[in-house]
Amino acid sequence: MKVAVYSTKPYDQAFLQRANKTHRHALSYFDVRLISATAPLARGHQAVCAFVNDDLGRDTLEVLSDEGVRIVALRAAGFNNVDLAAAAEQDMTVARVPSYSPHAVAEHALALILTLNRKLYRAYNRVREGNFSLDGLLGFDLCGKTVGVIGTGKIGTVFARIMAGLGCRVLAYDPAPNPDVDKLASYVPLEELFLASDIVSLHCPLTPDTYHVINDDALARMKRGVMLINTSRGRVVDTQAIIRGLKQGKIGYLGLDVYEEEADLFFEDLSCRMIQDDVFSRLLTFPNVVITGHQGFFTKEALSAIAEVTLSNITEFEAGRGPLHEVTQNQANPTATCAPSALPGLLPDRIRGDIPAP
Ligand code: NAI
């Protein structure tokens, strides 16, 4: 099948080329993001392969449909950037990679926790400058601390296991509790998790229910000096509220792998340009904030699995069997009902072709 691959980086090409030795699709690589203006590039292709910050809102899907595209194969787990109702109207199939390596993201959350706690970002620079002072580097033992896990699906479960293994007391909140997590953690109401946790880590999808779940009210309930970790989706957190929380000392440590307006920043080398996003720039001024650019998924194992499952979805669709992992509006997963326009802050005029989502 002819596949237009959007938002392609050299590492995507390398892993897709390797996986395609068996699938033998005709892959055209575009480094631009998929938005309605770039959708005509897909002319002559029956499939598009899209990533987390591509905009698969109604406008884009209508153009893709006119160009003859029949399947959208996401090389990601999250699909909050797809208007599933519009895709269904266009009779367009949507597929994703539901699980590629929950370990990659869970371990990245741990990396953020350890980096913030032991201030490795400061220690690294100090030692390179010949400054061996320990002032300002004081950390705390993770063993014995209470960790709140919001969302105990594939990633949250691995994360809960890691933290339990470090000797932490793990609390969890999920509207659909996971029996495997019962053995490692106690499910509690969200309010109780906020009150008791030294560390709060987000592993839920972006849905209307989770949009800005971390807001001023949530922060007011948390312990003073709490560590907040977000490797899920940027819009699960109200960034203005967390800036207020940082300024007041309510948040003692902040680790982000995702950001509300990341589509204008992440995955690009902007080191020679001025960052125009003042909110993001403000976050960078705090000494107790570590931000990574949506790299939680970025391991060899995960990229291999993403490439293989993405191409398998297309292969199965082409063979008339339907993709292995189709996303439908009726899917039990709550994100399935979450067309971009259903989310506050994701209304079409704000989407600008840059909704975040692996
Ligand atoms: P999953 O679908 O296995 O688990 C999500 C869990 O969240 C489910 O158990 C679900 O019941 C729960 N949930 C739904 N609504 C909730 C709510 N209101 N409050 C609390 N929990 C709720 O998904 P998986 O694979 O564990 O991924 C979780 C999220 O991590 C993805 O949706 C995506 O946003 C993010 N992600 C980030 C990556 C990164 O590179 N930083 C890579 C992959 C995923």
Side-chain angles (χ1 to χ4, degrees), residues 9 11-12 51-53 74-82 96-112 148-162 171-182 185 187-194 197 200-215 218 229-237 255-260 262-263 266-267 290-299 301-303 305-306 309-310 325 327 331-338 340 342-343 346 355-358:
K9 299 290 180 202
Y11 46 81
D12 295 312
F51 196 45
V52 294
N53 289 327
L74 299 169
R75 51 183 195 280
F79 47 92
N80 52 279
N81 55 336
V82 186
R96 67 172 181 140
V97 184
S99 176
Y100 36 89
S101 170
H103 303 280
V105 186
E107 289 170 14
H108 192 71
L110 175 65
L112 289 172
V149 185
I150 300 181
T152 52
K154 290 176 284 295
I155 296 168
T157 299
V158 173
F159 177 76
R161 193 174 302 131
I162 290 172
L171 301 180
Y173 171 75
D174 193 312
N178 176 350
D180 291 342
V181 175
D182 260 338
Y187 279 102
V188 293
L190 196 52
E191 190 159 323
E192 194 176 326
L193 183 150
F194 288 149
S197 299
V200 173
S201 193
L202 295 159
H203 299 287
C204 51
L206 174 62
T207 70
D209 285 344
T210 63
Y211 176 81
H212 282 189
V213 76
I214 303 298
N215 53 21
I229 304 293
N230 188 10
T231 58
S232 63
R233 283 291 177 269
R235 285 174 180 167
V236 170
V237 164
L256 299 180
D257 187 47
V258 288
Y259 167 62
E260 284 201 77
E262 69 176 49
F266 287 4
F267 306 122
V290 170
I291 304 177
T292 52
H294 207 141
Q295 68 173 82
F297 72 101
F298 202 56
T299 66
E301 291 79 0
L303 289 196
I306 289 170
V309 176
T310 301
H325 305 288
V327 185
Q331 207 167 314
N333 185 322
T335 48
T337 57
C338 183
L343 287 166
L346 290 183
I355 315 163

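It should be emphasised that the depicted structure is a prediction, and the values quoted were computed from it without experimental measurement. Read the numbers this way: they start at 1 and go in the same order the structure lists the ligands and their atoms.
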When you look at Val213 and Leu190, which way does the side chain to side chain contact (heavy atoms under 4.5 Å, CB included) test go after all the steps?
CA-CA 10 Å; Val213 76; Leu190 196 52; 4.0 Å; yes

Just do the side chain to side chain contact (heavy atoms under 4.5 Å, CB included) check on Asp257 and Gln295 with the steps written out, would you?
CA-CA 7 Å; Asp257 187 47; Gln295 68 173 82; 3.8 Å; yes

As a quick check of understanding, evaluate side chain to side chain donor-acceptor pair (under 3.5 Å) for Thr157 and Asn178, giving each step before the final call.
CA-CA 8 Å; Thr157 299; Asn178 176 350; 3.0 Å; yes

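Which of Pro175, Ala109, Pro98 comes nearest to atom 20 (C) of ligand 1 through a heavy atom is settled by distance: it is Pro175.
When only interatomic distances are considered, the shortest N/O to N/O separation between Asp257 and ligand 1 falls below 3.5 Å. At least one N/O-N/O distance between Thr231 and ligand 1 falls below 3.5 Å. Between Ile155 and ligand 1, at least one N/O pair is under 3.5 Å apart. An N or O contact shorter than 3.5 Å is missing between Asp209 and ligand 1 by distance. Residue Ala77 has no nitrogen or oxygen atom sitting less than 3.5 Å from a nitrogen or oxygen atom of ligand 1, judged on distance alone.
Ligand 1 lies nowhere less than 4.0 angstrom from a heavy atom belonging to Leu206. Not close to ligand 1: Gly78, with no non-hydrogen atom less than 4.0 angstrom away.
Close approach to Val105 involves these atoms of ligand 1, each under 4.0 Å from a residue heavy atom: 38 (C), 42 (C), 43 (C). Atoms of ligand 1 lying under 4.0 Å from any heavy atom of Gly151, numbered from 1 in the order shown and given with element: 7 (O), 20 (C), 21 (N). Heavy-atom contacts of Thr210 reach the following atoms of ligand 1: 16 (C), 17 (C), 18 (N) (cutoff under 4.0 Å). The contact set between ligand 1 and Gly296, taken as ligand atoms under 4.0 Å from a residue heavy atom, comprises 40 (O). The contact set between ligand 1 and His294, taken as ligand atoms under 4.0 Å from a residue heavy atom, comprises 39 (C), 40 (O), 41 (N). Residue Tyr173 has at least one heavy-atom neighbour below 4.0 Å for each of these atoms of ligand 1: 19 (N), 20 (C). Applying the 4.0 Å criterion to heavy atoms of Ile150 picks out, from ligand 1, the atoms 20 (C).
By the 30° and 60° cut-offs, the orientation of the rings of Tyr259 relative to Phe266 is tilted. Relative orientation of the Phe267 and Phe297 rings is perpendicular, given thresholds of 30° and 60° on the angle between their planes. Taking the six-membered ring for Trp and thresholds of 30 and 60 degrees, Phe298 and Tyr11 have ring planes more than 60 degrees apart, a perpendicular arrangement.
Only the side chain of Tyr100 comes within 4.0 Å of ligand 1, counting heavy atoms alone; its backbone N, CA, C and O stay farther away. Residue-level proximity to ligand 1 for Thr152 is carried by the backbone, the only part with a heavy atom below 4.0 angstrom. When heavy-atom distances to ligand 1 are checked against a 4.0 Å cut-off, Pro205 comes that close through both its backbone and its side chain. The backbone of His203, and not its side chain, has at least one atom closer than 4.0 Å to an atom of ligand 1 (non-hydrogen atoms only; backbone = N, CA, C, O).
At least one side-chain heavy atom of Thr231 sits under 4.5 Å from a side-chain heavy atom of Leu112. Two residues are said to be in side-chain contact when any heavy atoms from C-beta on lie closer than 4.5 Å; Leu171 and Glu192 fail this criterion. Using a 4.5 Å cut-off on side-chain heavy atoms (C-beta onward), Val188 and Tyr173 make no contact. At least one side-chain heavy atom of Glu260 sits less than 4.5 Å from a side-chain heavy atom of His212.
Residues passing the salt bridge (Lys or Arg N to Asp or Glu O under 4.0 Å) test with Glu301: none are found, sequence neighbours excluded. Remark: Asp182 engages Tyr187 in a side chain to side chain contact (heavy atoms under 4.5 Å, CB included) (not counting sequence neighbours).
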